[in-house]
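This report concerns only the one structure given below.
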Number of protein chains: 2
Amino acid sequence: MKAKVSHDDRSSGHAHAQTPNLEHFRTVLHEHMLKRGLRTTDQRKLIVETFFHSPNHVSIEELLAEVRRQDPKVGYATVYRTLKLLTECGVAFERKFGDGLTRYELADEESHHDHLICVDCNKIIEFEEPKIEELQERVAARYGFVLKSHKHEMYGTCSECQAKARGSIRRTGN
Amino acid sequence: MKAKVSHDDRSSGHAHAQTPNLEHFRTVLHEHMLKRGLRTTDQRKLIVETFFHSPNHVSIEELLAEVRRQDPKVGYATVYRTLKLLTECGVAFERKFGDGLTRYELADEESHHDHLICVDCNKIIEFEEPKIEELQERVAARYGFVLKSHKHEMYGTCSECQAKARGSIRRTGN
DNA sequence: ATGTGTGCAAAGAGTTTGCACAGCC
DNA sequence: GGCTGTGCAAACTCTTTGCACACAT
C-alpha cells in the first residue's frame with residue numbers, strides 16, 4: 001500500500017508568508033452557524049482552531065492526530081463533519097490531489113497559489129507565478145471571458161523521487 | 001452514483017479533435033508487453049482499443065460499460081489491471097478529479113489543451129497557450145520537478161452570458 | 001505444458017451514516 | 001427540555017487482491 005505521505009510544502013519558503021486573517025474566518029464561521037442554528041461545541045472549537053493553525057493541505061488523518069493530542073476521544077466522524085461545515089461556509093477549500101485523501105486548505109483568497117504535485121511521493125508545493133496569471137487573463141480575453149477562478153495543478157516528479165528512481169531501476173509498483 | 005456533473009469536457013463536442021497517433025501508442029504498449037513477457041489477450045485488446053476510442057477522462061465504469069457492449073463478461077478487475085498497465089507504460093495518465101473516481105486520459109502530449117469553462121452556461125472552450133506551458137516548465141524547474149502532466153482549468157463568464165447578465169441586472173441578488 | 005491472465009468475490013482504504021447518548025441553547 | 005452534536009461502528013463506494021480455472025505462448 002501507499003505510505004502515509006505527510007511531507008508538505010513548508011519547504012516552499014513562503015507557504016504561509018503572512019498569517020492569514022483568522023479573525024475574519026472565525027466571524028464568517030460564527031455567522032454561518034448562527035444563521036443555521038448550529039452549536040458551538042468543544043470539539044468544533046478544537047477542530048477549527050487546530051485546522052486554522054495547521055499547515056496547508058492537511059488531511060483528515062493528520063488533523064485528527066493533532067486534535068487528539070488535546071482530546072484523545074474525538075472521533076473521525078466529527079472531524080469529517082466539521083471540515084464539511086467549514087467548506088460549506090466558504091472558510092475552507094476541499095482539495096483532492098491524486099493520493100486518495102481529501103485535503104483541506106484555508107480559503108485564503110489573498111495568498112493565491114497553485115500547486116505542483118509529485119506523482120511519486122505526493123509532496124505538494126505551492127507556487128505563485130504572476131506571469132501565468134496575466135497570460136490567463138489574456139487567454140480569457142481572447143475568448144471574451146471574464147474570469148472568476150481557476151485551478152492549475154502541475155503533476156510531475158520531484159527531485160528526490162527522480163534521484164530515488166535513478167538509484168534503483170524502477171520497480172516501484174507503488 | 002454515476003452521471004456526476006463535474007465540469008468536464010464531454011460537451012465540448014470534439015473531445016478528440018484530431019485523432020491522436022494511436023499507432024504510436026499501440027507500439028509503445030506492445031514493446032512494453034514484450035519486454036515484460038506479458039500476453040496479448042482478447043480482453044486486453046478490447047479494453048485498450050475501447051480506451052483509445054473513448055472521450056477524454058473516461059472512468060473505469062464508463063469504460064467497462066462500453067467494453068461490456070462487446071463482451072459482457074469482462075470483469076472490473078481486468079479493466080483496472082489493464083488501465084494500470086497502460087499507465088505504467090506511459091500510454092495513459094491517471095487523473096483524479098474531485099468526484100472520487102479515477103479517470104484515464106491518453107498520454108497524448110501532442111494535442112494538449114486546457115479548458116476555459118463558463119460558469120453560467122457551462123460552455124467549454126479548449127485553448128492552447130504555449131507561453132503558459134513554457135512558464136509552467138520554468139516553475140517546475142525552479143522546484144526541481146520534471147513535469148508529467150497538468151490540469152489547468154479557468155472558470156469565468158463567457159461573452160454571451162455577460163451580455164445576458166447586463167440585459168437583466170435588476171434582480172440579480174448576488 | 002507452463003505460467004500469465006481472468007472473473008469472482010472478498011478484502012482494503014477512505015468517507016459517510018444510523019443510532020443512542022451527551023451537552024448546548 | 002428540546003434538539004443538535006458526538007462517538008462508535010457499520011455501511012458505502014471505489015479499488016485492489018487471492019484464488020482457481022482459462023488460455024496465450
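The NZ atom of A:K96 sits 7 Å away from the P atom of C:dT16 (whole-angstrom rounding). The interatomic distance linking A:L38 (CG) with D:dG2 (C1') rounds to 16 Å, in whole Å. As a whole-Å value, the separation of B:L34 CG from D:dA24 P is 17 Å. The CZ atom of A:R68 sits 12 Å away from the C1' atom of D:dT6 (whole-angstrom rounding). Between the C1' atom of D:dC14 and the CD atom of B:E62 lies a distance of 14 Å, rounded to the nearest Å. Computed from coordinates, the B:L63 CG to D:dT15 P distance equals 12 Å when rounded to whole Å. Distance B:D71 CG to D:dA22 P: 16 Å, rounded to the nearest Å. Regarding A:L64, its CG atom lies at a distance of 13 Å from the C1' atom of D:dC8, rounded to whole Å.
Checking C:dG5, D:dG5, C:dG7 against every side-chain atom of B:V74, the shortest atom distance belongs to C:dG7. Of the candidates C:dC24, D:dC14, C:dT15, the closest approach to any side-chain atom of A:D42 belongs to C:dC24. Minimum atom distance to the side chain of B:R44 is reached by C:dT6, of the listed D:dC14, D:dT15, C:dT6.
Applying the 4.0 Å criterion to OP1 and OP2 of D:dG7, one finds that A:Q43 has a side-chain N or O inside that range. OP1 or OP2 of D:dC14 has not a single side-chain nitrogen or oxygen of B:T102 nearer than 4.0 Å. For the pair B:T41 and C:dT6, the criterion of a side-chain N or O lying under 4.0 Å from OP1 or OP2 is met.
Residue pairs satisfying the ring-ring contact (aromatic ring centres under 6.0 Å, His included) criterion with at least one member in residues 137-164 of chain A, sequence neighbours excluded, are listed as follows: A:H112-A:H150, A:H152-B:H152.
For DNA chain D, the neighbouring residues in residues 75-88 of chain A, judged by any heavy atom under 4.0 Å, are A:G75, A:A77, A:T78, A:R81.
The shortest distance between side-chain heavy atoms of A:L29 and A:V48 falls below 4.5 Å. Here the side chains of A:V91 and A:F52 are in contact, with some heavy-atom distance below 4.5 Å.
Aromatic ring orientation, A:H57 versus A:H113: perpendicular (interplanar angle above 60°, classes split at 30° and 60°).
Expressed to the nearest 0.5 Å, how far CD of B:E129 lies from CD1 of A:I132 amounts to 10.5 Å.
For A:T40 and A:K45, the side-chain atoms include no donor-acceptor pair closer than 3.5 Å.
Annotation: cation-pi pair B:R68/B:Y76 present, NZ/CZ under 6.0 Å from the ring centroid and within 45° of its normal.
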